[in-house]
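See below for the structure under consideration.
Read the numbers this way: they start at 1 and go in the same order the structure lists the ligands and their atoms.
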Amino acid sequence: MSINRKPIVVGNWKMNLSLSEATGLAYELSEQLEDIAGVDIDVGIAPSTPFLSIIAAICDESAIGISAQHMSAHLSGAHTGESSVQQLLDVGCQYVILGHSERRHVYGESDEQIAQCARLAHDLGLIPILCVGETLQQREANQTLDVVLKQVSSAFSQLTADEASRSICAYEPVWAIGTGHTASPEQAQEVHAAIRKHLSELYSVAIADSVRLQYGGSVKPENAEGLMSQPDIDGALVGGASLKVNSFNSIVQITSKLISQT
Ligand code: PGA
């Protein structure tokens with residue numbers, strides 16, 4: 001983690017939690033993270049779409065940011081089941097997760113769609129969290145960097161340098177998501193360093209140095225320190241461990257402590 005980049009930890013709640021569980025978790029997190037969220041570290045949570053507005057209202061007084069998990073590649077119109085970027089802004093979102101592996105692999109989202117969403121998100125002022133990552137098969141075939149860097153090129157393809165520097169990119173190896181198998185700190189750092197180098201070629205070293213790169217894939221309190229202390233890892237996108245107040249809180253605390261020691 002670098003002192004120049006403010007770390008960011010985002011909890012991706014996916015399609016979990018009842019309304020009362022989600023509101024309870026949001027209240028507890030707002031209380032427990034009151035002193036550090038937004039100060040040493042940016043913290044976000046990504047509830048399911050129907051709960052965005054109510055969770056945003058609960059977190060309104062805190063510095064916890066609200067993220068959508070998905071958005072439409074269109075501005076408005078006949079797109080049943082989708083949410084537009086303006087609608088997400090209207091209910092209090094600051095971030096949107098784009099190209100999560102579940103969206104790519106289960107719902108067939110293409111690189112082009114993700115690039116289009118990133119463009120629209122910046123047009124209206126939502127910060128995209130651009131997810132990239134290889135499957136186990138691709139890793140075993142030695143294609144990790146080819147796959148990941150191609151996804152990065154595409155996700156950033158319609159963004160100016162300034163927009164790129166305000167975007168967040170999350171490296172999430174597909175084989176590590178929800179499986180309990182985490183990339184080792186060295187494996188994660190290798191890919192993060194390659195992403196940053198690639199961004200320096202697409203834009204400039206200064207822009208690449210300002211983009212925050214999160215790691216995601218079975219992050220938990222037990223492995224957070226090793227991962228978050230890597231020089232090119234600036235935070236985490238947390239799935240399962242973000243559903244419990246204690247585990248998410250401790251990942252945030254560990255990440256924030258590491259930066260204050262840098
Ligand atoms: P996980 O999910 O932490 O449960 O592996 C991460 C993610 O999908 O963003």
Side-chain angles (χ1 to χ4, degrees), residues 7-17 21-22 25 29 41-49 51-52 55 64-71 93-109 114 117-118 121 126-136 138-139 144 147-148 151-152 155 167-185 187-188 191-192 195 212-228 230 233-255:
I8 176 161
V9 174
V10 175
N12 176 9
W13 293 359
K14 308 193 181 184
M15 200 175 70
N16 293 301
L17 306 176
E21 288 165 341
L25 182 55
L29 287 174
I41 184 166
D42 285 333
V43 181
I45 49 178
S48 309
T49 310
F51 299 164
L52 281 170
I55 301 293
I64 296 177
I66 304 297
S67 177
Q69 299 176 11
H70 170 67
M71 64 173 256
C93 290
Q94 286 110 309
Y95 305 100
V96 59
I97 299 171
L98 296 180
H100 187 279
S101 83
E102 287 145 23
R103 301 295 320 173
R104 288 178 187 265
H105 296 287
V106 186
Y107 298 98
E109 267 181 26
I114 295 156
C117 287
L126 207 52
I127 297 177
I129 300 174
L130 301 160
C131 300
V132 296
E134 82 288 1
T135 62
L136 184 58
Q138 290 164 334
R139 174 160 282 267
T144 299
V147 169
V148 168
Q151 291 172 339
V152 169
S167 301
I168 294 157
C169 183
Y171 168 57
E172 299 205 299
V174 179
W175 48 272
I177 296 177
T179 59
H181 301 298
T182 323
S184 68
Q187 281 174 321
V191 180
H192 280 239
I195 294 173
R212 294 183 289 177
L213 302 180
Q214 292 178 315
Y215 170 79
S218 299
V219 176
K220 35 188 185 257
E222 299 77 47
N223 58 29
E225 183 162 354
L227 288 160
M228 296 305 125
Q230 296 300 310
I233 301 184
D234 309 309
L237 185 53
V238 186
S242 71
L243 299 173
K244 296 260 182 308
V245 65
N246 289 346
S247 52
F248 188 64
N249 185 13
S250 59
I251 293 167
V252 173
Q253 302 284 351
I254 289 165
T255 308

Atom 4 (O) of ligand 1 sits nearest the protein heavy atom Gly240 N, 2.8 Å
Which class fits the ring pair His192 and Tyr215: parallel under 30°, tilted 30 to 60°, perpendicular over 60°? tilted
In terms of its nearest heavy atom to atom 7 (C) of ligand 1, the top option of His181, Glu172, Lys220, Gln214 is Glu172
Practice problem: Please say whether His100 places an N or O atom under 3.5 Å from an N or O atom belonging to ligand 1. | Solution: yes
Any heavy atom of Ala176 under 4.0 Å from ligand 1? The part involved is backbone
- Item | Lys14, NZ: over 12 other non-hydrogen atoms inside 6.0 angstrom | yes
Quiz item: Heavy-atom contact under 4.0 Å between Gly217 and ligand 1?
Solution: yes
Scanning both residues in full, the closest heavy-atom pair of Ala170 with Leu237 reads CB-CD2, 3.9 Å
Polar proximity ligand 1 side, Gly239 side, N/O cut 3.5 Å exclusive: yes
Within the 4.0 Å heavy-atom cut-off, what Ile177 brings close to ligand 1 is both
Nearest heavy atom to atom 5 (O) of ligand 1, choosing from Ala170, Gly133, Gly178, Gly180, belongs to Gly178
Ala241 to ligand 1, any heavy atom closer than 4.0 Å:
no
Worksheet item: Counting both backbone and side chain atoms, is some N or O of Ser218 under 3.5 Å from an N or O of ligand 1?
Response: yes
